Amino acid sequence: MAKIGFIGLGIMGSPMARNLMKAGHAVVAFDVVPALLDSAVGAGAGRGASCADVAAKSEIVITMLPDGPEVEQAVLGAGGVLEGAAAGTIVVDMSSISPLVSQKIAVAAAAKGVGFLDAPVSGGEPKAIDATLAIMVGGEQAVFESVLPVLRLLGASITLTGPVGAGNVTKLANQIMVACNIAAMGEALVLATKAGLDPEVVFNAVKGGLAGSTVLNAKAPLVISRNFKPGFRIRLHQKDLRNALLAAESMKVALPLTSLVQQMLMALMNEGKGDLDHSAIVTFIEEMAGVEVKKPTGE
Ligand code: NAD
């Protein structure tokens, strides 16, 4: 059994750390929010005093933090993972961040003899709880294989997609497809509703054809029932598309659709909708059309 450090005990990190403990691993945990750390300690984790302290007590350190700046602070900053980690430690960052930041951290880690993988996930809280996440990994094959038994305790599908940064490039590709799908679904349902159709009838009519998708099946019922409880928050998806645009710019790649949807998400955050589910992208299109996607009232 490995000694595993776990940093970031939020919506995703908390159930992931618990799954490692359930499998018999000793976990030392840390989060800047004391109540979250108390809860993990109550579930059997050791109490880390800082990121450096967690690293000093671990062979593998997993980070599950909001975005690149937090990962940089936790790994490279004062009192960070690299201050405490001995040579031979492996850091696995499972946050969704810019691949450019992953590469920067990998270089700093290598200078201390510390291995690094970027391993973002897809599947959200339910799959974090069930340990059925899709995990997209970037890094060296040998480092990947050494932590694979641990990743198998967290996910149902684990794929090495290339060198460091490749995990986050894959995750950004995933986030582009999901965001543009939701926006297109929103436009389609707004048009149908404005034309006087029942959006549920339209959804049922198209879902078995080429327009059918996992996104449509998951999100259309939420929109039609006006349930925008997250799920995946608008502000996190805005962050992912911003990271996609920054990475694309560094490679001189134009992403016009991603750019448009990222601006829609930003506008929704300014309307106070940042903590709604990303299916609430539809409300941006509804406002321009003066119609709300829902079942007709029969008036
Ligand atoms: P969250 O905000 O619930 O959790 C992040 C945790 O990190 C918080 O508890 C916060 O206190 C802690 N933290 C921040 N800075 C820290 C630091 N310097 N040191 C220690 N702890 C620190 O976020 P989440 O929903 O768990 O998401 C984590 C990552 O996973 C994000 O990158 C997100 O995009 C990605 N993700 C989330 C979902 C989802 O459905 N929630 C799905 C797939 C991927």
Side-chain angles (χ1 to χ4, degrees), residues 5-19 28-41 45 47-55 58 61-84 91-99 101-102 105 118-137 154-157 167-168 170-179 182 215 218-219 222 229-244 265 274-279:
F6 208 107
I7 299 171
L9 304 164
I11 292 177
M12 300 294 285
S14 170
M16 291 164 72
R18 280 168 169 75
N19 284 334
V28 185
F30 181 69
D31 194 292
V32 287
V33 176
L36 294 173
L37 182 52
D38 290 345
S39 168
V41 170
R47 182 184 294 276
S50 65
C51 297
D53 181 48
V54 166
S58 308
V61 179
I62 297 176
T63 48
M64 195 53 170
L65 301 165
D67 195 5
E70 291 84 3
V71 180
E72 281 198 60
Q73 191 197 346
V75 179
L76 307 181
V81 169
L82 290 186
E83 252 182 45
V91 176
V92 184
D93 178 37
M94 302 192 75
S95 329
S96 305
I97 69 169
S98 163
V101 176
S102 304
I105 293 172
D118 59 314
V121 307
S122 177
E125 187 184 20
K127 289 185 181 243
I129 292 169
D130 293 354
T132 56
L133 292 164
I135 307 177
M136 302 148 245
V137 190
L154 303 173
S157 130
N168 272 306
T170 309
K171 172 68 180 176
L172 292 178
N174 180 83
Q175 295 304 82
I176 289 169
M177 289 187 267
V178 171
I182 294 176
V215 165
K219 300 299 178 182
L222 297 182
K229 183 175 168 293
F232 189 66
R233 293 176 207 280
I234 280 185
R235 68 181 160 77
L236 284 179
H237 214 146
Q238 192 277 141
K239 174 262 305 185
D240 288 337
L241 296 192
R242 190 187 68 230
N243 285 337
L265 290 169
D275 287 316
L276 297 186
D277 187 68
H278 51 174
S279 55

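Worth saying up front: this structure is predicted, and the values here are computed from it rather than measured. Counting starts at 1 for both ligands and their atoms, in listed order. Along the sequence shown, residues carry numbers from 1.
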Within reach of ligand 1, part of [X] (heavy-atom separation under 4.0 Å):
X    : answer
K239 : side chain
Q175 : neither
I7   : side chain
L36  : side chain

Nearest neighbour of atom 2 (O) of ligand 1 from the list P66, A35, G48, A29, on a heavy-atom basis: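 Shortest heavy-atom distance from atom 2 (O) of ligand 1: P66.
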
Just go through L65, I11, L133 and tell me whose heavy atom is the nearest to atom 13 (N) of ligand 1.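 Residue with the shortest heavy-atom distance to the ligand atom: L65.
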
Residues D240 and S96: side-chain donor-acceptor under 3.5 angstrom: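 Per modelled atom types, D240 and S96 side chains form no pair under 3.5 Å.
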
Which residue owns the protein heavy atom closest to [atom], what's the atom, and how far is it?
atom                    : value
atom 40 (O) of ligand 1 : G124 CA, 3.4 Å
atom 8 (C) of ligand 1  : D31 OD2, 3.5 Å
atom 18 (N) of ligand 1 : Q73 OE1, 3.8 Å
atom 37 (C) of ligand 1 : M12 CG, 3.7 Å
atom 4 (O) of ligand 1  : G10 CA, 3.3 Å
atom 19 (N) of ligand 1 : V32 CG1, 3.6 Å

Distance check, rounded to the nearest 0.5 Å: L276 atom CG versus I234 atom CD1?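 Here the rounded value is 5.5 Å.
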
Spatial distance of atom OG1 (T170) from atom CD (Q175) [nearest 0.5 Å]: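 The OG1 atom of T170 sits 11.5 Å away from the CD atom of Q175.
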
With nothing but distance in play, are any N or O atoms of [X] less than 3.5 Å from an N or O of ligand 1?
X    : value
K171 : no
S96  : yes
F30  : no

Is there a donor-acceptor pair closer than 3.5 Å between any side-chain N or O of [X] and the backbone N or O of [Y]?
X    : Y    : answer
D53  : G48  : no
D118 : S102 : no
N19  : A128 : yes

Distance-only donor-acceptor hits, side chain of residues 66-74, under 3.5 Å, sequence neighbours excluded:
unit_1 : atom_1 : unit_2 : atom_2 : d
D67    : OD1    : N243   : ND2    : 3.1
D67    : OD2    : R242   : NH2    : 2.8
E70    : OE1    : D67    : N      : 3.0
E72    : OE1    : K104   : NZ     : 2.7

Protein non-hydrogen atoms only, distance under 4.0 Å: does atom 23 (O) of ligand 1 have such a neighbour?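 No, there is none.
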
With sequence neighbours excluded, residues passing side-chain contact (heavy atoms from CB on, under 4.5 Å) with D275: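 Result, side-chain contact (heavy atoms from CB on, under 4.5 Å) vs D275: R233, R235.
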
